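Heads up, the thing below is written out as structure tokens.
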Amino acid sequence: MKVQHVSVAVLWLAHVPRGIAALDQVILKDASVTPRAPKNVAIIGAGSAGSSTAYFLRKYSKQRDIPLNITVYERDGHIGGRSTTVGVYGDDQNPVELGASIFVEVNQNLVNAAREFNLSTSGIRELHSEGPALGIWNGREFVYTQASGGSWRDTAKLFWKYGLAPLKTVNLMKATVGKFLKMYEEPYFPWKSLSQVAYDLGLTDATAFTGEQFLEKNGIGKLFAQDIIQASTRVNYAQNLPLIHGLESMVCMATDGAQAIEGGNWQIFSHMLAAAEANVYLNRTVDKVSKLDESAYVISSKGTPIDSEQQVFDEVVLAGPYQYSNIDFDPEPRHLPDSIPYVQLHVTLFTSKHKLSPGAFNLPSDELVPQVVLTTLPPGEHHGNGAEGVGSPGFFSISLLRPSMDTRGNRDKLEYVYKVFSPMPLNETFIANILGLAKDESVSEEDVSWMYRKVWHSYPYEYPRVTFEELQLDDGLWYTAGIESFISTMETSSLMGKNIARLMVDGWKE
Ligand SMILES: Cc1cc2nc3c(=O)[nH]c(=O)nc-3n(C[C@H](O)[C@H](O)[C@H](O)COP(=O)(O)OP(=O)(O)OC[C@H]3O[C@@H](n4cnc5c(N)ncnc54)[C@H](O)[C@@H]3O)c2cc1C
């Protein structure tokens, strides 16, 4: 029987193009062979890491014709984790990013997924044609401003003030990104150890030092670092250069092709899970993971009803920071991730008919405040972490995102949507000040018509380090969030998911 199959196959294969041949050989299986039992994988968390793990698991297992069941448990009621939107005025048709808002052109997992799922992307919008698009405020003055669309004047201003530092920074950033991109390619991909691959690619040369040290070592002037690069590390990671490591500082400068998915970046992850044909349980919290033997885990979870409160899996992926998962592992895995400090970031969204007040930024009353206000520390001011690290400016960034028509109750008012990042909750005095309202007045609904506050554990404090968490905590138990101390972005979480998916499928014997 086998001989007959082969000869039919050979005859038929002679008439099909090469690419299809490999695929069709799979169909010519010996009917006497019992079908393989499917692999059962549980993924805890439906953020970028969990969704990407599921998506690539399905891809790789299909390539190897391995039957697979994927179950995703998500504590929240939505897919996306720290990538999520809220509706301005509570209107879902008017979404704004509450967490991760931007990815860039070298983020190949996200860019490819957006293309595959036909999701529209938009660049960063600039609002006013006059007036600066961006300014860097040190609590006393704007140390740098940039016009809409950038101009030769801005470029000339940069070189006049900072010499060759901007050019050197671009070159250093490109060299660093070039090393990082090798993590997607053989012979490095898939990597079993993040510490090893970071070392092999020379990226620990950047993670071992603070941003300040790394820039100095590479001959980048202090003033440019303090004014421009630090503004970027503060808006992206709420951290100053003497703390955040060199690699993450460089990531902040890799802004080419900045984009976002129209309507919300979370849609990438929702589409990934659909493509993975995963069973997704939202509002379902995993509270215990028990190891039965070498290759079986039982997951206990609570929340919205599912078929069974306890389910058995061959492999489990914890796709979010261990310390916030509140999962009891029984027995304790061989490697337990360290608890590491995360930034507590206050994100405040609000709408107002007022533009930002020039007076709040020591500008003459007839000047426009930049649409995006980033911050840095004034000369001589040095600060540590958290609330203290913010220094004189008192906030990390204020962005005027877009105009918005408030149509509630027939108000038909043109307003502006603002987003503020700060280490503390914004109080009324702060809001009154930036909107130019009298300081002793309370902020009325007339002035701020809608507000939404969220406190995130947004990303780790990126202290210099050269070793990173294990990817495999135990046999069949995987962990994605160790990559956040290396680089914390949607793309790197996705890359970790892809890498783990590949290692897992490679580990399944033929
Ligand atoms: C305000 C803010 C701005 C940011 N800006 C950007 C940006 O512009 N660009 C960028 O690339 N990145 C940005 N980031 C970082 C980015 O959001 C994260 O690096 C990335 O989204 C992390 O994805 P993840 O899947 O690893 O983790 P998460 O998104 O945190 O996903 C983990 C998921 O696991 C779930 N979970 C945890 N424990 C359990 C449990 N016991 N049971 C069930 N489910 C559980 C959680 O609910 C969560 O949904 C930003 C983050 C914040 C907060």
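In listed order, ligands and their atoms are each counted from 1. Because the structure is predicted, anything quoted here is derived from the model rather than measured.
- The shell of residues lying under 4.0 angstrom from ligand 1, judged by heavy atoms, includes Leu345.
- Interface atoms of ligand 1 facing Ile327, defined by a heavy-atom separation under 4.0 Å, are 41 (N).
- Inclusion of Glu491 in the set of residues having an N or O under 3.5 Å from an N or O of ligand 1 is not warranted.
- Considering both main-chain and side-chain atoms, Ser83 never comes within under 3.5 Å of ligand 1 through any nitrogen or oxygen pair.
- With respect to atom 52 (C) of ligand 1, the closest heavy atom belonging to the protein is Ser458 CB, 3.9 Å.
- Residue Ile483 places no heavy atom under 4.0 Å from ligand 1.
- Summary of contacts: the protein heavy atom closest to atom 24 (P) of ligand 1 is Ser493 OG, 3.6 Å.
- Here the two rings, on Phe430 and Phe395, have centers that are under 6.0 Å apart.
- Within 6.0 Å of NZ on Lys179 lie more than 12 heavy atoms contributed by other residues, nucleotides or ligands.
- The nearest heavy-atom contact from the protein to atom 48 (C) of ligand 1 is Glu74 OE1, 3.5 Å.
- A side-chain N or O of Gln311 and one of Tyr73 form a donor-acceptor pair less than 3.5 Å apart.
- Not a single heavy atom of Thr480 sits under 4.0 Å from any atom of ligand 1.
- Checked against the 6.0 Å centroid threshold, Tyr324 and His457 count as a close aromatic pair.
- Taking the six-membered ring for Trp and thresholds of 30 and 60 degrees, Phe189 and Tyr60 have ring planes inclined between 30 and 60 degrees apart.
- The shell of residues lying under 4.0 angstrom from ligand 1, judged by heavy atoms, includes Tyr73.
- Ranking protein heavy atoms by distance to atom 32 (C) of ligand 1, first place goes to Ala319 O, 3.2 Å.
- Within the structure, the closest approach of Arg284 to ligand 1 falls below 4.0 Å when heavy atoms are considered.
- Tyr184 and Tyr188 have their aromatic ring centers separated by at least 6.0 angstrom.
- Residue Ile102 has at least one nitrogen or oxygen atom sitting less than 3.5 Å from a nitrogen or oxygen atom of ligand 1, judged on distance alone.
- Taking distance alone, with nitrogen or oxygen atoms compared against 3.5 Å, Trp456 stays at or beyond that limit from ligand 1.
- Contact analysis puts Ser101 in contact with ligand 1, with a non-hydrogen atom separation below 4.0 angstrom.
- Residue Ala46 has no nitrogen or oxygen atom sitting less than 3.5 Å from a nitrogen or oxygen atom of ligand 1, judged on distance alone.
- A donor-acceptor contact closer than 3.5 angstrom is absent between the side chains of Asn112 and Glu116.
- Among protein heavy atoms, atom 14 (N) of ligand 1 sits closest to Ala100 CB, 3.6 Å.
- Taking the six-membered ring wherever Trp is involved, the centroid distance between the rings of Phe350 and Tyr418 falls below 6.0 Å.
- In terms of N/O distances under 3.5 Å, ligand 1 is approached by Ser48.
- If you check which protein heavy atom lies closest to atom 44 (N) of ligand 1, you get Arg75 N, 3.0 Å.
- Checked by atom type, the side-chain pair Thr204/Thr207 shows no donor-acceptor distance below 3.5 Å.
- The side-chain contact (heavy atoms from CB on, under 4.5 Å) test with Phe313 is passed by exactly one of Ile299, Leu292, Val298: Ile299.
- Looking only at protein heavy atoms, the nearest one to atom 11 (O) of ligand 1 is Met490 N, 2.9 Å.
- Ligand 1 has a nitrogen or oxygen under 3.5 angstrom from a nitrogen or oxygen of Val286.
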